[in-house]
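These numbers come from the heavy atoms of this one structure, side chains and all, not from hydrogens, waters or symmetry mates. Model, not experiment: these values are computed from the prediction.
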Amino acid sequence: MNSAWMEMAAGGDAPGFGFVVTGLVVVALLLGAFILGLRHKRRRPPRPDEQPRVPEGGPVRETLERREPDEMPRSEERLTPHELKTHGNQGDRTSASQTRPRWNEGSSGGFGSGGPGAR
């Protein structure tokens, strides 16, 4: 290492001072963001007239029904998705029987278990 490199390395304190100032600015920004987040979190809750209301027709309820897929149309030619009535998405309709399928009496209920079932 020659003396020119040593002089440049030992020369200025300006880069070190710049890093310290930049670090302090970043810390100040992070603290400011944290304080703003706390203020936002501590805001008052909404008043009763600002809260959501039940729709005019009453509460929306979930409907439980069994659905079954629509059949593919039979034809001699190959159909492309845009030729289907649902444009390639699987259509469905309400099933004729709304009873849930249950396991057979003697079966274990496991798929591919191969066992005789629990009895």
Atom pair OG1/CZ of Thr63 and Arg61 - distance to nearest 0.5 Å: 12.0 Å
Arg67: partners by side chain to side chain contact (heavy atoms under 4.5 Å, CB included), with sequence neighbours left out: Glu65, Asp92, Thr94
Donor-acceptor under 3.5 Å (Glu68 side chain, Arg93 main chain): no
Shortest non-hydrogen contact between Gln98 and Arg66, atoms and distance: OE1-N, 2.9 Å
Candidate pair Arg39 and Ile35, rule side-chain contact (heavy atoms from CB on, under 4.5 Å), full reasoning: CA-CA 6 Å; Arg39 284 184 185 172; Ile35 290 170; 4.2 Å; yes
Nearest atoms (heavy-atom pairs only) where Pro59 meets Val54: N-CG1, 3.7 Å
